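Quick caveat: nothing in here was measured; it's all calculated off a predicted structure. All chains are named by letter (A, B, ...) in the order of the sequence lines, taking the proteins before the strands, and each is independently numbered beginning at 1.
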Amino acid sequence: KNQVEQSPQSLIILEGKNCTLQCNYTVSPFSNLRWYKQDTGRGPVSLTIMTFSENTKSNGRYTATLDADTKQSSLHITASQLSDSASYICVVSEEGTSYGKLTFGQGTILTVHP
Amino acid sequence: NAGVMQNPRHLVRRRGQEARLRCSPMKGHSHVYWYRQLPEEGLKFMVYLQKENIIDESGMPKERFSAEFPKEGPSILRIQQVVRGDSAAYFCASSPFYSLNTEAFFGQGTRLTVV
């Protein structure tokens with residue numbers, strides 16, 4: 001069964017600090033991996049999307065890494081801001097399926113305190 | 001260019017009533033996807049539609065749930081005879097075309113509460 005596991009479930013950090021969120025997946029065959037940010041009460045917003053051949057991708061203060069051999073990904077947030085408080089969701093797409101059949105992780109809830 | 005618009009944002013229904021959730025995709029997008037997010041769970045795929053066609057409904061419960069995306073107007077997710085277990089956030093996403101690496105844009109969701 002395709003699964004996406006994220007850790008930690010929740011994380012509290014101080015403003016200005018860095019943090020790293022983890023994602024392990026069992027989806028196979030793999031097509032791509034995405035990280036989304038979901039603010040409370042809002043829809044998910046894409047941060048990065050990586051295919052098999054990419055092992056790192058940055059979007060401002062967000063840097064995602066991918067190790068397709070170990071089926072692991074991480075999202076590193078640099079110099080956190082209060083507005084980074086949100087749920088961060090790892091999503092994996094299976095090759096050969098329709099786009100819609102993405103497997104979502106449960107998310108890591110990040111809280112940034114002043 | 002407005003984003004994906006969902007309405008209503010919040011919907012309360014009594015058990016046994018019908019719920020209709022609407023999704024207007026971004027301008028120029030002809031592909032719509034519906035997802036359900038139960039409390040404390042990740043989003044789960046429900047159905048993928050193109051204009052006037054259901055492409056993949058493998059995530060839809062077999063009974064009481066239906067979806068359409070007519071030639072004109074928004075996509076509709078319809079839940080008949082709602083039960084408490086239908087309480088969830090329902091998200092719609094749209095994309096301009098089908099590709100495994102295409103970005104899709106999500107609406108803000110409709111939070112359905114069944115009382």
Side-chain angles (χ1 to χ4, degrees), chain A residues 1-7 9-10 21 23-54 57 59 64 66 86-109, chain B residues 2-7 9-10 21 23-26 29-50 53-60 67 69 75 77 89-111:
Chain A
K1 179 182 176 183
N2 288 335
Q3 286 188 309
V4 177
E5 300 286 339
Q6 291 188 243
S7 62
Q9 278 191 314
S10 61
L21 315 180
C23 172
N24 297 326
Y25 62 92
T26 60
V27 177
S28 180
F30 171 87
S31 175
N32 61 65
L33 184 145
R34 308 150 188 253
W35 283 94
Y36 283 90
K37 178 186 179 188
Q38 185 175 20
D39 292 309
T40 301
R42 310 292 286 260
V45 174
S46 177
L47 295 175
T48 63
I49 176 171
M50 289 182 291
T51 59
F52 182 88
S53 59
E54 297 172 294
K57 183 165 276 191
N59 178 2
L66 172 64
S87 176
Y88 290 84
I89 306 171
C90 176
V91 185
V92 182
S93 168
E94 180 182 343
E95 188 176 276
T97 66
S98 71
Y99 170 86
K101 279 189 176 178
L102 303 175
T103 302
F104 286 73
Q106 287 187 284
T108 292
I109 298 173
Chain B
V4 177
M5 303 300 292
Q6 289 188 248
N7 68 81
R9 290 292 309 278
H10 300 274
L21 288 62
C23 170
S24 296
M26 286 182 71
H29 288 193
S30 58
H31 298 243
V32 166
Y33 318 83
W34 284 94
Y35 297 85
R36 177 165 65 174
Q37 186 172 31
L38 294 169
E40 310 299 322
E41 294 189 15
L43 278 78
K44 297 282 197 303
F45 168 77
M46 298 183 74
V47 62
Y48 164 37
L49 311 103
Q50 295 178 29
N53 288 305
I54 295 175
I55 307 302
D56 184 343
E57 58 180 348
S58 58
M60 287 271 275
F69 189 15
S75 175
L77 179 67
Y90 292 83
F91 289 94
C92 166
S94 73
S95 66
F97 51 83
Y98 161 64
S99 166
L100 282 177
N101 296 324
T102 299
E103 191 52 77
F105 299 86
F106 283 81
Q108 297 199 46
T110 292
R111 273 143 194 85

Item to complete: State whether the number of non-hydrogen atoms from other residues, nucleotides or ligands found under 6.0 Å of A:Arg42 atom CZ is greater than 12.
Response: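 It does not: A:Arg42 CZ has 12 such atoms or fewer within range.
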Worksheet item: Taking the six-membered ring where the residue is Trp, are the ring centres of B:Phe45 and A:Phe104 under 6.0 Å apart?
Response: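 No - the distance between ring centres of B:Phe45 and A:Phe104 does not fall below the 6.0 Å cut-off.
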Discussion item. Run the side-chain contact (heavy atoms from CB on, under 4.5 Å) test on A:Leu102 and B:Tyr35 for me, step by step, so that the C-alpha distance in whole Å, both residues' side-chain angles and the decisive distance to 0.1 Å come before the verdict.
Written reply: CA-CA 10 Å; A:Leu102 303 175; B:Tyr35 297 85; 3.9 Å; yes
Practice prompt. Can you see which heavy atom on B:Phe91 is nearest to which on A:Gly43, and at what distance?
Written response: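 Closest approach of B:Phe91 to A:Gly43: CE2-CA, 3.5 Å.
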Discussion item. Quick check on A:Gln38 against chain B: is it the side chain, the backbone, both or neither that has a heavy atom closer than 4.5 Å?
Written reply: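 The side chain, not the backbone.
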Worksheet item: For A:Gln106, which residues count as a side-chain hydrogen bond (donor to acceptor under 3.5 Å, both in side chains) partner, sequence neighbours excluded?
Response: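 Checked A:Gln106 against side-chain hydrogen bond (donor to acceptor under 3.5 Å, both in side chains); zero matches.
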Discussion item. A:Glu5: which residues meet the salt bridge (charged side-chain N to carboxylate O under 4.0 Å, His left out) condition with it, sequence neighbours left out?
Written reply: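 A:Glu5: no salt bridge (charged side-chain N to carboxylate O under 4.0 Å, His left out) contacts found.
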Worksheet entry | Euclidean distance, B:Phe105 CZ relative to A:Ser46 OG, rounded to 0.5 Å |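 Nearest 0.5 Å value for the OG-CZ distance: 7.5 Å.
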Worksheet entry | Residue selection (most heavy-atom pairs with chain A, distance under 4.5 Å) from B:Gln37, B:Met46, B:Glu41 |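 That would be B:Gln37.
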